[in-house]
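A short worksheet on the structure shown next.
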Protein chains: 2
Amino acid sequence: MPDTASLSISESRTYSISELAREFGITPRALRFYEDKDMLHPARDGMTRVYSHRDRARVTIIVRMKRLGLPLADIREILDLYGLGDNERAQKRKTLEKFRNQVREFESQREDIEVALVELRKGIEWLEDDLAKIGPSDDHADSVAAYDAVARKQLDDA
Amino acid sequence: MPDTASLSISESRTYSISELAREFGITPRALRFYEDKDMLHPARDGMTRVYSHRDRARVTIIVRMKRLGLPLADIREILDLYGLGDNERAQKRKTLEKFRNQVREFESQREDIEVALVELRKGIEWLEDDLAKIGPSDDHADSVAAYDAVARKQLDDA
DNA sequence: ATGCCAGTTGACGTTTGCGTAAAGGGAATA
DNA sequence: TATTCCCTTTACGCAAACGTCAACTGGCAT
């Protein structure tokens, strides 16, 4: 099987805890913590943890999901669902539902981000314009007007 | 000034704490908490809080930012920045930097979401296909193969 | 053998974002 | 007057997600 050959190079590697930690910008403590929460189950060489390529993939998922604000418990479920290939139809339906809900949540979250980005860009534009006025008019009325302008926008589309 | 007239209708209203709480789907406790954290400064009628339209706008921002996972401290800063119209140029530059950083963060967060959505949709597709196989082959080899397929994808683009 | 580095397991501390009584004030309604 | 609301403050509690010791255990380089 040529398949096996293609795997052997990169997928046979193992990683130490601090190696993975550095790679993902987290602490070893975090990795042990995730393990304690049953999100990882690295092999052991005596006492020391040995992370497989597959473990690494799981960490990738964990880190990604975390950045998206998912609580560890939820991430764990997702991980479990990937891991549990021996599901029955009922379970799979539930899984499907969960995934669909996640999609919905992410989509609405993405919308929130779009909105926030618009707001921030408006603020940036305002600040840039304001800073572009060469002479520091240092005026009080000016800043008040500016504040009102921004506030007004907030109020309008709130 | 006709401007004043356009404001008087909707902007002169005030809100009670529970009114605002209901509107934003949060508890009065939360609003008091935000005030304790100096994110809101509603007027008082005796002891009871009276929220202006402008206060309401601030709550809007708080809620939005919270949904995006920003810690209250950060939200407070943003709020302060809006409120401080009497900034010096130096301050404004710092503000500008903060805003730009936020934009960058949101953008990368949005990308994370896109990625996660792709993953989830792949998972959904897989589950749907799997459930579509009319006969519950109930096979063990099947599920193992399915697991490997998914795992492989994870590993590939990790 | 000694020292250093990286690893291990608890156990406790910290921050965030409120929830949840506890104890009461003021106004309106029955 | 009594009950009912809505409001107030003060204060303790809590789950999540680690950080931070503390106390040990190897391995290997000198």
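In what follows, every heavy atom counts, from backbone to side chain, and hydrogens, waters and symmetry copies are set aside. Because the structure is a prediction, the values reported are computed rather than measured. To find a chain, count down the sequence lines: A is the first, B the second, and so on, and within it residues start at 1.
Comparing D:dC7, C:dC18, C:dG7 by their closest approach to the side chain of A:Ile17 singles out C:dG7. Listed candidates were C:dT9, D:dC18, D:dT8. Nearest to the side chain of A:Leu72 is D:dC18. The listed nucleotides are C:dT20, D:dC18, C:dT8; the one nearest the side chain of A:Arg29 is D:dC18. Of the candidates C:dG7, D:dA17, C:dC18, C:dG7 carries the atom nearest the A:Ser16 side chain, counting heavy atoms from C-beta on. In this structure, the nucleotide among D:dC18, C:dT8, C:dG7 sitting nearest to the side chain of A:Ser18 is C:dG7.
A:Thr27 has no side-chain polar atom (N or O) that falls below the 4.0 Å cut-off from OP1 or OP2 of D:dC18. Between B:Lys37 and C:dC18, a side-chain N or O to OP1/OP2 separation shorter than 4.0 Å is absent. Remark: A:Tyr34 is in phosphate contact with D:dC18, judged by side-chain N or O atoms under 4.0 Å from OP1 or OP2. In terms of phosphate contacts, A:Arg49 brings a side-chain nitrogen or oxygen within less than 4.0 Å of OP1 or OP2 of C:dT9.
Heavy-atom neighbours of B:Asp38 CG from other residues, nucleotides or ligands within 6.0 Å: above the threshold of 12. Applying the 6.0 Å contact sphere to CD of A:Glu111 captures no more than 12 heavy atoms from other residues, nucleotides or ligands.
Side-chain N/O atoms of B:Arg32 and base N/O atoms of D:dT8 include no donor-acceptor pair closer than 3.5 Å.
B:Ile26 comes within 4.0 angstrom of nothing in the nucleic acid, heavy atoms only.
A straight line from CD1 of A:Ile75 to P of D:dA17 spans 8 Å, rounded to a whole angstrom. Per the geometry, OH belonging to A:Tyr51 stands 11 Å off C1' belonging to C:dT8, to the nearest Å. One interatomic measurement links the two molecules: CZ of B:Arg22 to C1' of D:dC6, which rounds to 10 Å at whole-angstrom precision. Straight-line distance from the CZ atom of B:Arg76 to the P atom of C:dT16: 13 Å, rounded to whole Å. Rounded to whole Å, atom P of C:dT8 lies 7 Å from atom CZ of A:Arg44. Here D:dC7 presents its P atom at 11 Å from CG of B:Leu31, a figure rounded to the nearest Å. Spacing between atom CG of B:Leu40 and atom C1' of C:dC18 amounts to 15 Å, rounded to whole angstrom units. If you take CZ of B:Phe24 and P of C:dC18, they are 14 Å apart, rounded to a whole angstrom.
With respect to A:Arg32 and A:Asp36, no salt bridge is recorded, no charged nitrogen being found less than 4.0 Å from a carboxylate O. For the pair B:Glu35 and B:Arg58, the salt-bridge criterion is not met [side-chain N within less than 4.0 Å of a carboxylate O].
Interatomic distance, B:Met39 CE to B:Met65 CE, rounded to the nearest 0.5 Å: 10.0 Å.
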